[in-house]
Amino acid sequence: MATINIELPDGSVRDVEAGSTPYDVALLIGEGLARQSVAARFEGQIIEMSARLETSGKLSLITFNSPDALPILRHSCAHLMAQAVKSLYGDEVQVTIGPSIDNGFYYDFFSEKKTFSPEDFATIEKKMAELAKANLPITREEVTSAEAIALFKSMGEDYKVELIEDLGVTDVSLYRQGDFVDLCRGPHLPRTGLLKAFKLTSVAGAYWRGSEKNAMLQRLYATAFADKKQLKLHLARIEEAKKRDHRKLGRELDLFSFSEEAGAGLVIWHPKGAMLRNLIEDFERKEHLKRGYDLVVGPQILKTELWKTSGHYENYRDNMYFTEIDEQSYGIKPMNCLAHMLIFKSKIRSYRDLPQRYFELGTVHRHEKSGVLHGLFRVRGFTQDDAHILCRPDQIDAEVKGVMKFVQDVAGIFGFEYCMELSTRPEKSIGSDEDWERATSALRSALEDSGQSFEVNEGDGAFYGPKIDVKLKDALDREWQCATIQCDFTLPDRFDLNYIGADGEKHRPVMLHRVILGSIERFIGVLIEHYVGNFPLWLSPVQAVVLNVTDNQAQYVQQVEAQLREAGIRVQSDLRNEKLGFKIREAQMNKVPYMLVVGDREMDEGKIAPRFRDGSSLDPMTVDEFIRFAADEVKSFH
């Protein structure tokens, strides 16, 4: 029997027989490690503990402590849930697909007889627990596509048959556990007994393969962790997230609404929400002007020919809206870059004029499918804090680092931690290999020089260039992709942009596409959940409400309100004939930072008694003293 060399992470090498498995290697190190290992990584690829090792290479074992373990565990748990559903409902239900996702997993089922509801969750979880306790081996087998099709046809699993037929491959892999078999690439856990902590969370509708033309399926969402302690923490976080849901708080705080009369995915901003939005937009304009950007505005629609030149028509038209005017086709802009390039092209530029930094709070529209619309997080019409920097190749490094510093400053102001990813060329893209390599190297170099740690996200770049994605971490440690920096050699070439270099010749500029907050709508949704609606004073749509104790103070309250408004404080008064405690509680429910109480004593002394929204209070002070106090608090945040 041939011998192969397996190199372990500590640099040691184990000689084993060809055909040995990662489990065999783990046993050589220790029985405890073999029991704890759920998968392995061989030459960079994740494989199962039962996979046969036929060549020498580097091997590392994956235990439940590894980040690589959780997706495998959840994918295996999706199969466990499907097995439980089939055990309970048999031929009434057909299985389709069940992947691991960020916070858990789901499985889609088709049934004309069974309609799932949350009342079914306990029954399904009980069956899952029984199957897990049985500690069924999870085994992989390779079969021909023809054999798999025959198998699933005999089982009445039409969706599996369709999947295999569309794959167009000779062989496929199946996974078995007990009497359940599923089509899957894997990898999976060695046995069901390793699944100890799982919970079904919700049920929703989903079209087969995401197309409204196909059958409606029932999607069961769930999550799973290595142990019940982690699951309990996650479920507590879900409950906290429900309290922070921006859609719920948006209604309660009267910030925004959606209307079927207006159209799905189109936000209607109410006065308080519009004020919040304007505060953020004003902040953005000031911050960009401080950093040498020029404010520009482009049209909402541009001729379709321009979108063809840019490549959007070929690569992005399914997400665009089109219209016709005077027998001329126009595209409603999904992005702002085209007008910015036309501004650059409108006059001859010298190398001394670069970089040109164009900033626009540009409203765009994208054709999102109704099934993915989600509050402010996924809409069809939104505004981006969009900028395009046209620069010389030797300026890329400084400009990218400048944007990274901008992101860092803004994240600090709003109280976010963040992490960064470098996303590389996707399959659907334009431009030469050389330009993509230059652009990717430039972004990588800027990240490395800055000392910023980052992950590489292969194949997730924009269709015209690689990008740095910045993910903000909110109060619940959830990640939100907001800022992005994209390096583009291709569009300047397609639009024949050039500048006159020091040698008197024409040269091609490089374009950096970047946003800091991204979609203003989405960022506001993130902010609402991050702050639970308790915005800092500088961001609060209403900063203070003046409350009278009796009608005797009504005139003085109006004077105080006018004085505060004159000083630039966003203030309202509440003169309703209600008890003071009722008005205070209502102001607290509305998340107003300060309640300024006025009774006879405060009126006689020309003062107000400030209360914080958390229930604590300050000593009475004059209106001028409060104005200075509030101004100092605003400065401390921004």
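In this text, all values refer to a predicted model and were calculated from it rather than measured experimentally. Sequential numbering from 1 along the given sequence is applied to the chain's residues. Below, all heavy atoms of this structure are taken into account, side chains as well, without hydrogens, waters or symmetry copies.
- Looking only at distances, no side-chain donor or acceptor of Q486 sits under 3.5 Å from a matching main-chain atom of G465.
- Checked by atom type, the side-chain pair Q452/S450 shows no donor-acceptor distance below 3.5 Å.
- Neither side chain, S87 nor Q83, offers a donor N or O lying under 3.5 Å from an acceptor on the other.
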- Message: Applying side chain to side chain donor-acceptor pair (under 3.5 Å) to Y175 and E48, what does each step give before you reach the verdict?
- Response: CA-CA 12 Å; Y175 281 82; E48 285 154 333; 2.7 Å; yes

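- The aromatic ring centroids of H312 and F463 lie less than 6.0 Å from each other.
- Proximity of a side-chain donor or acceptor of T3 to a complementary backbone N or O of D15 within less than 3.5 Å is not detected.
- Atom CZ of residue R74 and atom CG of residue L70 lie 3.5 Å apart, to the nearest 0.5 angstrom.
- The six-membered or imidazole ring of F416 lies away from that of W480, with a centre-to-centre distance of 6.0 Å or more.
- No hydrogens or angles considered: a donor-acceptor pair under 3.5 Å links the side chains of T484 and D469.
- Evaluation of the salt bridge (charged side-chain N to carboxylate O under 4.0 Å, His left out) test over residues 409-422, restricted to residues two or more places apart or in two chains, returns R291-D409, K405-D409, E421-K471.
- The pair E239-K242 counts as a salt bridge, with a side-chain nitrogen and a carboxylate oxygen less than 4.0 angstrom apart.
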- Full working for ring-ring contact (aromatic ring centres under 6.0 Å, His included) between F105 and H75: CA-CA 7 Å; F105 60 91; H75 194 181; 9.3 Å; no

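- Residues P466 and W436 have side chains in contact (heavy-atom distance under 4.5 Å, counting atoms from C-beta outward).
- Put simply, the side chain of D435 never gets that close to the backbone of S432: no donor and acceptor are under 3.5 Å apart.
- Both the sub-6.0 Å distance and the 45° axial angle are satisfied by R219 relative to the ring of Y106.
- Each of D166, D108, T96 was compared with R209 under the side chain to side chain contact (heavy atoms under 4.5 Å, CB included) criterion, and only D166 meets it.
- Within a 6.0 Å sphere centred on CG of D91, other residues, nucleotides and ligands contribute 12 heavy atoms or fewer.
- Between the side chain of E157 and the backbone N or O of Y159 there is no donor-acceptor pair closer than 3.5 Å.
- For the residue pair T424/E458, the side-chain donor-acceptor check at 3.5 Å is satisfied.
- Of the possible polar contacts, one joining the R41 side chain to the G44 backbone as a donor-acceptor pair under 3.5 Å is found.
- Enclosure of atom CD in E142 by more than 12 non-hydrogen atoms of other residues, nucleotides or ligands within 6.0 angstrom is indicated.
- With hydrogens and angles disregarded, a donor-acceptor distance shorter than 3.5 Å links the side chain of K369 to the backbone of G210.
- Nearest heavy-atom pair across R380 and S370 is NH2-N, 3.4 Å.
- From K58, atom NZ reaches atom CD1 of I6 across 12.5 Å, with rounding to the nearest 0.5 Å.
- Screening L220, V95, L131, L195 for a side chain to side chain contact (heavy atoms under 4.5 Å, CB included) with M81, the sole residue that qualifies is L220.
- To the nearest 0.5 Å, atoms NE2 (H79) and CG (D182) are separated by 4.0 Å.
- Salt bridge present: E368 and R378 bring a charged side-chain N and a carboxylate O closer than 4.0 Å.
- Under the 4.5 Å side-chain criterion, counting only non-hydrogen atoms from C-beta, R366 is in contact with Y316.
- Taking 4.5 Å as the limit, some side-chain heavy atom of L231 sits within range of a side-chain heavy atom of K199.
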- Item | Pair K153-D158, salt bridge (Lys or Arg N to Asp or Glu O under 4.0 Å): steps then yes or no | CA-CA 6 Å; K153 278 185 176 180; D158 300 332; over 6 Å; no

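- Atom NZ of K86 is surrounded by more than 12 heavy atoms from other residues, nucleotides or ligands within 6.0 Å.
- Taking CG from N319 and NE2 from H367, the interatomic distance works out to 8.5 Å, rounded to the nearest 0.5 Å.
- At least one donor-acceptor pair closer than 3.5 Å links the side chain of D227 to the backbone N or O of Q230.
- Crowding of E455 atom CD: a count of heavy atoms from other residues, nucleotides or ligands under 6.0 Å not exceeding 12.
- In summary, R244 and E240 engage in a salt bridge, as defined by a charged side-chain N under 4.0 Å from a carboxylate O.
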- Task: Determine, stepwise, if the pair T144 / E147 fulfils side chain to side chain donor-acceptor pair (under 3.5 Å).
- Result: CA-CA 5 Å; T144 67; E147 289 172 330; 3.3 Å; yes

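- No side-chain heavy atom of Y464 sits under 4.5 Å from any side-chain heavy atom of S429.
- Taking the side chain as every heavy atom from C-beta outward, M404 and M420 approach each other to under 4.5 Å.
- Counting heavy atoms from C-beta outward, L73 and V38 have side chains that stay 4.5 Å or more apart.
- Once rounded to the nearest 0.5 Å, the distance linking CD of E165 with CD1 of I149 reads 4.5 Å.
- Checking side-chain atoms of S20 against main-chain N and O of E17 turns up a donor-acceptor pair under 3.5 Å.
- Heavy-atom minimum distance, A40 versus L59: CB-CD1, 3.7 Å.
- Between the side chain of S37 and the backbone N or O of L33 there is at least one donor-acceptor pair closer than 3.5 Å.
- Side chain to side chain, S445 and E448 fail the donor-acceptor criterion of an N or O pair below 3.5 Å.
- Each salt bridge (charged side-chain N to carboxylate O under 4.0 Å, His left out) pair with one or both residues in residues 480-489, not counting sequence neighbours, would appear here, but there are none.
- Considering every non-hydrogen atom in both M128 and A84, the closest pair reads CG-CB, 3.5 Å.
- Counting heavy atoms from C-beta on, the side chains of L447 and I468 come closer than 4.5 Å.
- Around the CD atom of E54, the shell of radius 6.0 Å holds more than 12 heavy atoms that belong to other residues, nucleotides or ligands.
- Without hydrogens or angle criteria, R52 side chain to A18 main chain gives no donor-acceptor distance under 3.5 Å.
- Here the closest heavy-atom approach between residue F489 and residue C487 is recorded as CE1-SG, 4.0 Å.
- Separation of the F110 and W208 ring centroids does not fall under the 6.0 Å cut-off.
- In the model, T123 has no side-chain atom that pairs as donor or acceptor with a side-chain atom of D120 under 3.5 Å.
- In the model, Q218 has no side-chain atom that pairs as donor or acceptor with a side-chain atom of Y107 under 3.5 Å.
- Taking the centre of each ring, F414 and Y531 stay at or above the 6.0 Å mark.
- Between atom CD of residue E43 and atom CD of residue E7 there is a gap of 8.5 Å, rounded to the nearest 0.5 Å.
- At a threshold of 4.5 Å between non-hydrogen side-chain atoms, the residues D449 and K401 count as touching.
- Minimum heavy-atom separation, V172 to A148: CG2-CB, 3.6 Å.
- What you find for T383 and E521 is that their closest heavy atoms are N-OE1, 2.9 Å.
- The six-membered or imidazole ring of F116 lies near that of F109, with a centre-to-centre distance under 6.0 Å.
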